Asks: 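Pasting in a structure now, in structure tokens, and then I'll have a few things to ask.
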Amino acid sequence: MEKPSLPKGTRDFGPAMMAKRQFIFNNIRTVFQKFGFLPLETPAMENLSTLTGKYGEEGDQLLFKILNSGDFLKDVEDIKLQTKNSKSITFDISEKGLRYDLTVPFARYVVMNRHEISFPFKRYQIQPVWRADRPQKGRYREFYQCDADVVGTNSLLCEAEIILMIKEVFKGLNIQDYAIKINHRGILSGIAEVIGGKGNETALFVAIDKLDKVGEDKVREELQAKGFTAESLNLLFNILNVKGSIVNKMAFLATKFETSTEGQRGLRDLKEVFNILEDYNASQDNVEFDVSLARGLSYYTGCIFEVKINNVSIGSVSGGGRYDNLTQTFGDKENLSGVGFSFGVDRIYDAMEELGLFPKEAQVSSKVLVCHFDEESMRYGLGILKALRDVGISSEIYPDQVKIKKQLDYANKKMIPYTIVIGSDEVKSGLLPLKDMERGEQAKISLEEIIQKIK
RNA sequence: GUGAAUGUAGUUCAGUUGGUUAGAAUGCCAGAUUGUGAUUCUGGAGGUCGCGGGUUCGAGUCCCGUCUUUCACCCCA
């Protein structure tokens, strides 16, 4: 018998991990709902044609494809099989794939259900996605995304609210040291225009996105190899090296973008987002205008976001942006604009674990364990148990007659913070010893007092 | 997808130039303790050394393959 194992990059989540994961999920879900987003779920698999072409050439390669059922080779031409070019027969043998993100399935959903959706449409979606990437720390082949998107409005209020939601989620998770980076595709296009890199945008954006990671010299090297002149690179870094406050950076860029309508559009949008934030009385703490932020997903057209938790070895934990033409790729005639972002739960988990940020309360299952010395006291304990549960206190009783030591050990293992040990004295008097397992203190009090104390 | 490193009790790790029966800490189980847990003491269980092949009188140790995890590239939550 072969030892069982899991596919590369996938994991089981035991009860201890699930308690912490759910702490994150609940936090995010609560914030999404508070901002008026409605839940949506879509199938794990989509038609391959829905998925391909949305994530760039590299993205298509990372799609998990599902082999057709039945005799999937039946209709493949012999010539194609003989050439052994697997790419050429992909669409002959596979017509379905696992979803790569939640944004594209959402766009598909919107186009299919236009008649019953009223715009602006705000939905959130918390589901796993799959990528055939090579796993590393913080990179999994199956991971959960928590998306919130608004479609059907150009209002930059949505961008501002995204920032507010990120702040609120991180506050709830007690993550303090982080940066919400924001930029705009218009600004990137403007830079490309100004330095004479038009037509070569993809290479340019991919390279400058790495700036904070690999440094200026490497980016210069890479772009030089791609055919950028020294002169245009000097212009580029003159722009990218802007320092100072958000206002200063924008003023500087305005002088560079006098001839670029795209660049001006980017600046206008960003300025408006910051103005709206001010009207919300939201501080600009943790918000950074990062001119070198690019992001790979090719469908973004306006503002783009990325969130990084500082001092951890995990990449970005959240990202998003505005996309104007996504529904058009599904045949929609109208130009519906959408904007959204996504939290990566698995990475937030890794970061929080690394920083030791999970509160103990998040790992508590039952709040009380009722312990007992004999059958009579156990039966008496059942009434206590019911009374606790009736007022909403999660509690359990040790189901076997075993030594008190074992029962208390069980409580410790499950991180149950309180125990009530019942014996013949308690059955007689009705006074119960509530024990605080962390402090080791206990006091005999009435059931009513217990409920009041720990509810 | 390209290149590299890693794998030894449940967990974290020792293990010499290849040499008898592979160790420690911690955790687990039982007892010291017949109304109270994480301290202390005593005893016990637990490993086909990731898996498969090879070299050798002999392999945890060397070689090849494979899988896992990790790192860089690519890309990204």
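In the text below, chain A, chain B and the rest are named by the order of the sequence lines, each starting its count at 1. Here the structure is a predicted model, which means the values were calculated and not measured.
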Asks: Just compare B:A77, B:C74, B:G1 and give me whichever is closest to any side-chain atom of A:E222.
Replies: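 Comparing B:A77, B:C74, B:G1 against the side chain of A:E222, the answer is B:C74.
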Asks: Please report the distance, rounded to the nearest Å, between CD1 in A:I180 and P in B:A77.
Replies: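 These atoms are roughly 16 Å apart.
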Asks: Confirm from the modelled atom types if A:Q442 and B:G37 form a donor-acceptor pair under 3.5 Å, side chain to base only.
Replies: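 Result: no qualifying N/O pair found.
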Asks: Taking atom types as modelled and ignoring hydrogens, do the side chains of A:S292 and A:D290 form a donor-acceptor contact shorter than 3.5 angstrom?
Replies: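 Distance-only check passes for A:S292 and A:D290.
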Asks: Provide, to the nearest angstrom, the distance between the CZ atom belonging to A:R141 and the C1' atom belonging to B:U68.
Replies: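 My rounded result for the distance is 12 Å.
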Asks: Could you check whether A:F343 gets within reach of a base, just the sugar-phosphate, or nothing at all, counting any heavy atom under 4.0 Å?
Replies: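 Contact class for A:F343: none.
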Asks: Test for a donor-acceptor pair under 3.5 Å between the base of B:C76 and the side chain of A:R131, counting only N and O atoms.
Replies: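 In this structure, the two groups form no donor-acceptor pair.
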Asks: Return whichever of A:L6 or A:S316 has its heavy-atom-nearest nucleotide of RNA chain B closer to the 5' end.
Replies: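 Nearer the 5' end of the strand: A:L6.
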Asks: In whole angstrom, give me the gap between the C1' atoms of B:A14 and B:G23.
Replies: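 Here B:A14 and B:G23 have their C1' atoms 7 Å from each other.
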Asks: With a non-hydrogen cut-off below 4.0 angstrom, is A:G59 in contact with a base, only sugar-phosphate, or nothing?
Replies: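 No contact.
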Asks: Using a cut-off of 4.0 Å on non-hydrogen atoms, how would the nucleic acid contact of A:V129 be classed: base, sugar-phosphate, or nothing?
Replies: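 No contact.
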Asks: What's the CG-P distance between A:D350 and B:A77, to the nearest Å?
Replies: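 Whole-Å distance recorded here is 16 Å.
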Asks: Nearest to the A:Y100 side chain among B:G35, B:C28, B:C75, which nucleotide is it?
Replies: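 Within the option list, the nearest is B:C75.
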Asks: How about A:K218: does its NZ atom have over 12 heavy atoms from other parts shown lying under 6.0 Å from it?
Replies: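 Count not over threshold, so no.
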Asks: Under 4.0 Å, counting only non-hydrogen atoms across every strand here, what does A:E426 touch: a base, just sugar-phosphate, or nothing?
Replies: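 Here A:E426 touches the bases of the nucleic acid.
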Asks: Tell me the partner of B:U36, counting only Watson-Crick (N1-N3 plus N6-O4 or O6-N4) or G-U wobble (N1-O2 and O6-N3) with both under 3.5 Å; none if nothing fits.
Replies: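 Result: none.
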Asks: Side chains of A:Y124 and A:Q33: do they bring a donor and an acceptor to under 3.5 Å?
Replies: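 The answer is yes; a qualifying pair exists.
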Asks: Considering only atom C1', compute the distance from B:C63 to B:U70 and round it to an integer number of Å.
Replies: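 Between the two C1' atoms, the distance is 24 Å.
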Asks: Select base, sugar-phosphate, or nothing to describe what A:K413 touches, counting heavy atoms under 4.0 Å on all strands.
Replies: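 Since only primed, P, OP1 and OP2 atoms lie under 4.0 Å of A:K413, the category is sugar-phosphate.
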Asks: Determine whether a donor-acceptor pair (one donor, one acceptor, N or O, separation below 3.5 Å) exists between the side chain of A:N412 and the base of B:G37.
Replies: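 Checked by distance alone, the answer is yes.
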Asks: Could you check which nucleotide pairs with B:C75 in any of the strands shown, counting Watson-Crick or G-U wobble with both distances under 3.5 Å?
Replies: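 Partner of B:C75: none.
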Asks: What is the nucleic acid contact for A:S424, judged by heavy atoms within less than 4.0 Å: base, sugar-phosphate only, or nothing?
Replies: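 Touches a base.
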Asks: For a quick test of reading the model, state the closest non-hydrogen atom pair linking A:A107 to A:F330 and the distance between them.
Replies: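 Minimum heavy-atom separation between A:A107 and A:F330: CB-CE1, 3.8 Å.
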Asks: May I have the distance from A:F305 (atom CZ) to B:A77 (atom C1'), rounded to whole angstrom?
Replies: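 Value for this atom pair: 16 Å.
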Asks: Which value, in whole Å, describes the distance between the P atoms of nucleotides B:U39 and B:G50?
Replies: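 Approximately 32 Å lies between the P atom of B:U39 and that of B:G50.
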Asks: Looking at the base of B:C76, is there any donor atom on it, or on the side chain of A:R347, that sits under 3.5 Å from an acceptor on the other one?
Replies: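 Pair found.
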Asks: Would you kindly check if the NZ (Lys) or CZ (Arg) of A:R21 is within the cone defined by 45 degrees around the ring axis of A:F13 and under 6.0 Å from the six-membered ring centre?
Replies: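 Yes, cation above the ring, under 6.0 Å and within 45°.
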Asks: When you get a sec, tell me which of B:C29, B:G37, B:U70 is the closest nucleotide to the side chain of A:K137?
Replies: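 So the nucleotide nearest the side chain must be B:U70.
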Asks: Any stacking of A:F143 on B:A77, going by centres under 5.5 angstrom and planes within less than 30 degrees?
Replies: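 It does: the ring sits over the base of B:A77.
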Asks: Below 4.5 Å, heavy atoms only, C-beta onward: do A:F25 and A:V345 meet side chain to side chain?
Replies: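 A:F25 reaches A:V345 side chain to side chain.
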Asks: Does B:G31 have OP1 or OP2 sitting under 4.0 Å from an N or O in the side chain of A:K403?
Replies: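 Yes, such a contact exists.
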Asks: What integer distance in Å separates A:K213:NZ from B:C71:C1'?
Replies: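 One finds 11 Å between C1' of B:C71 and NZ of A:K213, rounded.
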Asks: Contact class for A:V421 (heavy atom, under 4.0 Å): base, sugar-phosphate, or nothing?
Replies: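 Touches a base.
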Asks: Should A:K308 be listed as having a side-chain N or O under 4.0 Å from OP1 or OP2 of B:A77?
Replies: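 So the side chain of A:K308 is outside the cut-off, no N or O lying under 4.0 Å from OP1 or OP2 of B:A77.
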Asks: Is it true that A:T52 and A:D60 share a donor-acceptor pair across their side chains at a distance under 3.5 Å?
Replies: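 Per modelled atom types, A:D60 and A:T52 side chains form no pair under 3.5 Å.
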Asks: At under 4.0 Å, does any side-chain N or O of A:Q136 touch on OP1 or OP2 of B:A72?
Replies: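 Yes, within the criterion.
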Asks: Provide the distance between the two C1' atoms, one in B:A30 and one in B:C71, to the nearest whole Å.
Replies: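 B:A30 and B:C71 have their C1' atoms separated by 45 Å.
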Asks: Go nucleotide by nucleotide along RNA chain B from the 5' end; which of A:M437 and A:D133 gets its closest nucleotide reached first?
Replies: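 The 5'-side residue here is A:M437.
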Asks: B:U56 and B:U48: how far apart are their P atoms, nearest whole angstrom?
Replies: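 It works out to 28 Å between them.
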Asks: Identify whether any heavy atom of A:G320 sits under 4.0 Å from a base atom; if not, whether one sits that close to sugar-phosphate; answer base, sugar-phosphate or nothing.
Replies: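 Nothing: the residue A:G320, judged by heavy atoms under 4.0 Å, touches no strand.
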Asks: With a distance cut-off below 6.0 Å to the six-membered ring centre and an angular limit of 45° from the axis, does A:R99 pair with A:F64 as a cation-pi contact?
Replies: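 Pair A:R99/A:F64 does not count as cation-pi.
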Asks: Under 4.0 Å, heavy atoms only, any strand: does A:E438 hit a base, just the sugar-phosphate, or nothing?
Replies: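 Base contact - A:E438 has a heavy atom under 4.0 Å of at least one base atom.
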Asks: So which nucleotide from B:G3, B:G37, B:A77 ends up closest to the side chain of A:R134?
Replies: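 The answer is B:G3.
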Asks: Rounding to an integer number of angstrom, what distance separates B:C75 and B:G18 when you compare their P atoms?
Replies: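 Those two atoms are separated by 44 Å.
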Asks: Provide, to the nearest angstrom, the distance between the CG atom belonging to A:D374 and the C1' atom belonging to B:U34.
Replies: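 About 12 Å, once rounded to whole Å.
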Asks: Tell which nucleotide pairs with B:G27, taking only Watson-Crick or G-U wobble pairs whose two distances are both under 3.5 angstrom.
Replies: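 WC or wobble partner does not exist here.
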Asks: Using the C1' atom as the point on both nucleotides, what is the distance between B:G46 and B:A9, in whole Å?
Replies: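 These two C1' atoms come out 6 Å apart once rounded.
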Asks: Provide, to the nearest angstrom, the distance between the OH atom belonging to A:Y299 and the C1' atom belonging to B:C75.
Replies: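 Nearest whole value for this atom pair: 14 Å.
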Asks: Could you tell me the Watson-Crick or G-U partner of B:A5, where both distances fall under 3.5 Å? Say none if there is no partner.
Replies: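 In the structure as shown, B:A5 has B:U69 as its Watson-Crick or wobble partner.
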Asks: Starting at atom NE2 of A:H372, determine the distance to atom P of B:U36, rounded to an integer number of angstrom.
Replies: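 One finds 16 Å between P of B:U36 and NE2 of A:H372, rounded.
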Asks: Quick one: is B:U68 close enough that its OP1 or OP2 comes under 4.0 Å of any side-chain N or O from A:K8?
Replies: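 For B:U68, OP1/OP2 do have a side-chain N/O of A:K8 under 4.0 Å.
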Asks: The side chain of A:F373 lies closest to which of these nucleotides: B:U36, B:C75, B:G3?
Replies: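 Out of B:U36, B:C75, B:G3, the nucleotide with an atom closest to A:F373's side chain is B:U36.
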Asks: For the ring pair A:Y349 and A:F358, is the centre-to-centre distance below 6.0 Å?
Replies: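 Yes, ring centres under 6.0 Å apart.
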Asks: Rounded to whole angstrom, note down the C1' distance from B:C28 over to B:C64.
Replies: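 My reading of the C1' atoms in B:C28 and B:C64 gives 39 Å.
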